[in-house]
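Index from 1, following the sequence. Because the structure is a prediction, the values reported are computed rather than measured.
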Amino acid sequence: MEKQAISILFVCMGNICRSPAAEGVFRKLVADAGREHEFEIDSAGTIGYHAGNPADSRMREAASRRGYRLDSRARRLADEDYGRFRLIVAMDDDNYRDIRAGHPGEGAEVVRMVDFCSEMDATEVPDPYYGGPSGFEHVLDILEDACSGLLRRYDGAE
């Protein structure tokens with residue numbers, strides 16, 4: 001009997017900065033560990049304004065410098081995601097509340113990205129959209145820590 005993949009959905013507001021970056025960082029960590037077969041990984045936004053667009057070019061550039069590929073296209077969180085994914089990971093408290101408000105109470109566990117940080121003392125993954133280049137780097141610092149912690153959550157699982 002084949003084991004079911006651990007399905008994880010990363011969510012921010014527009015799905016063009018933080019959540020595609022989290023998806024890219026986590027994908028690389030999983031691939032580097034040789035565990036691609038264990039996970040289904042995706043990202044979405046709580047709004048659909050950027051649907052169909054690639055990740056923000058500034059985030060793609062910052063991620064690329066660290067060896068991450070951000071290939072996904074923005075999409076809005078859908079009702080079926082709550083049943084499709086085991087874990088929905090929110091980037092900040094506003095996203096967490098929005099995700100929980102749409103949650104039918106069954107299916108996915110909704111958590112905060114920073115819950116998995118072990119090195120960074122972060123209370124959220126801040127939105128870098130209106131800031132300068134250092135904001136994108138800071139987001140990646142947090143995501144590298146949190147994604148490592150998230151992968152450790154599933155060490156020996158499945």
- Message: Run the side-chain contact (heavy atoms from CB on, under 4.5 Å) test on Ile8 and Ile88 for me, step by step, so that the C-alpha distance in whole Å, both residues' side-chain angles and the decisive distance to 0.1 Å come before the verdict.
- Response: CA-CA 6 Å; Ile8 299 174; Ile88 298 179; over 6 Å; no

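- Placement of Tyr154 and Ile41 within a single hydrophobic cluster is found when ILVMFWY residues are connected by side-chain heavy-atom separations under 4.5 Å, directly or transitively.
- With a 4.5 Å cut-off on side-chain heavy atoms, Val30 and Leu151 count as touching.
- Nearest heavy-atom pair, Ala74 versus Ile16, reported as atom, atom and distance to 0.1 Å: CB-CG2, 4.0 Å.
- Pairing each heavy atom of Ile6 with each of Arg86, the nearest pair is CG1-NH1, 3.8 Å.
- Figure legend: Arg58 and Tyr129 shown as a cation-pi pair, the cationic atom lying under 6.0 angstrom from the six-membered ring centre and within 45 degrees of its axis.
- Within the model, atoms CZ of Phe10 and CG of Leu143 stand 8.5 Å from one another, a figure rounded to the nearest 0.5 Å.
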- Please report the C-alpha distance between Asp92 and Arg18 in whole Å, then the side-chain angles of each, then the deciding distance to 0.1 Å, and finally whether the side-chain contact (heavy atoms from CB on, under 4.5 Å) criterion is met. CA-CA 10 Å; Asp92 64 33; Arg18 297 169 290 172; 2.8 Å; yes

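- Residue-environment remark: CZ (Arg69) stays at or below the threshold of 12 foreign heavy atoms within 6.0 Å.
- Across every non-hydrogen atom of Val125 and Ile142, the tightest pair is CG2-CG2, 3.8 Å.
- In this structure, Asn95 and Glu124 have side chains that are not in contact, with every pair of non-hydrogen atoms separated by 4.5 Å or more.
- The two residues Ala62 and Glu137 make their nearest non-hydrogen contact at CB-OE2, 3.6 Å.
- Glu144 has its side chain out of reach of Met120: every pair of non-hydrogen atoms, C-beta onward, lies at least 4.5 Å apart.
- Val89 and Ile47 end up in different hydrophobic clusters when Ile, Leu, Val, Met, Phe, Trp and Tyr side chains are linked at under 4.5 Å.
- Asn15 is not listed as a side-chain neighbour of Thr46, based on a closest heavy-atom distance of 4.5 Å or more.
- To the nearest 0.5 angstrom, Asp145 atom CG is 11.5 Å from Leu150 atom CG.
- In this structure, Met91 is not a member of the same hydrophobic cluster as Met13, with clusters built from ILVMFWY side-chain heavy atoms closer than 4.5 Å.
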- Message: Set out, in order, the CA-CA distance, both residues' side-chain angles and the distance that settles side-chain contact (heavy atoms from CB on, under 4.5 Å) for Glu109 and Phe85, then state yes or no.
- Response: CA-CA 8 Å; Glu109 176 186 1; Phe85 290 92; over 6 Å; no

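- What you find for Leu140 and Ala63 is that their closest heavy atoms are CD1-N, 3.7 Å.
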- Message: Test salt bridge (Lys or Arg N to Asp or Glu O under 4.0 Å) on Asp42 and Arg27; report intermediate values, then the result.
- Response: CA-CA 9 Å; Asp42 198 0; Arg27 278 187 189 283; 5.5 Å; no

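- The closest side-chain donor-acceptor pair between Arg152 and Ser118 falls under 3.5 angstrom.
- Taken to the nearest 0.5 Å, the CG atom of Leu70 stands 11.0 Å off from the OG atom of Ser57.
- The structure places OG of Ser7 at 10.0 Å from CG of Asp81, a figure rounded to the nearest 0.5 Å.
- Of the N and O atoms on the side chains of Tyr68 and Glu23, not one donor lies less than 3.5 Å from an acceptor on the other residue.
- At least one side-chain heavy atom of Leu29 sits less than 4.5 Å from a side-chain heavy atom of Ser148.
- Looking at every heavy atom in both residues, Arg75 comes nearest to Ser43 through NE-O, 3.5 Å.
- To the nearest 0.5 Å, the span separating CG on Asp127 from SG on Cys12 amounts to 7.0 Å.
- The shortest distance between side-chain heavy atoms of Leu87 and Val111 falls below 4.5 Å.
- By the 4.0 Å N-to-carboxylate-O rule, Asp56 lies too far from Arg60 to be salt-bridged with it.
- At a threshold of 4.0 Å, the pair Arg84-Asp79 does not count as salt-bridged, since none of the basic side-chain nitrogens sits closer than that to a carboxylate oxygen.
- In this structure, the side chains of Val139 and Met59 come closer than 4.5 Å at one or more pairs of heavy atoms.
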- Task: Could you please spell out the steps behind the salt bridge (Lys or Arg N to Asp or Glu O under 4.0 Å) verdict for Asp155 and Arg35?
- Result: CA-CA 10 Å; Asp155 281 350; Arg35 297 175 64 186; 2.9 Å; yes

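- Here CZ of Arg66 is found 12.5 Å from CZ of Phe136. Values are rounded to the nearest 0.5 Å.
- Although no hydrogens or angles enter the test, the distance criterion places a donor-acceptor pair under 3.5 Å between the side chain of Tyr82 and the main chain of Ile99.
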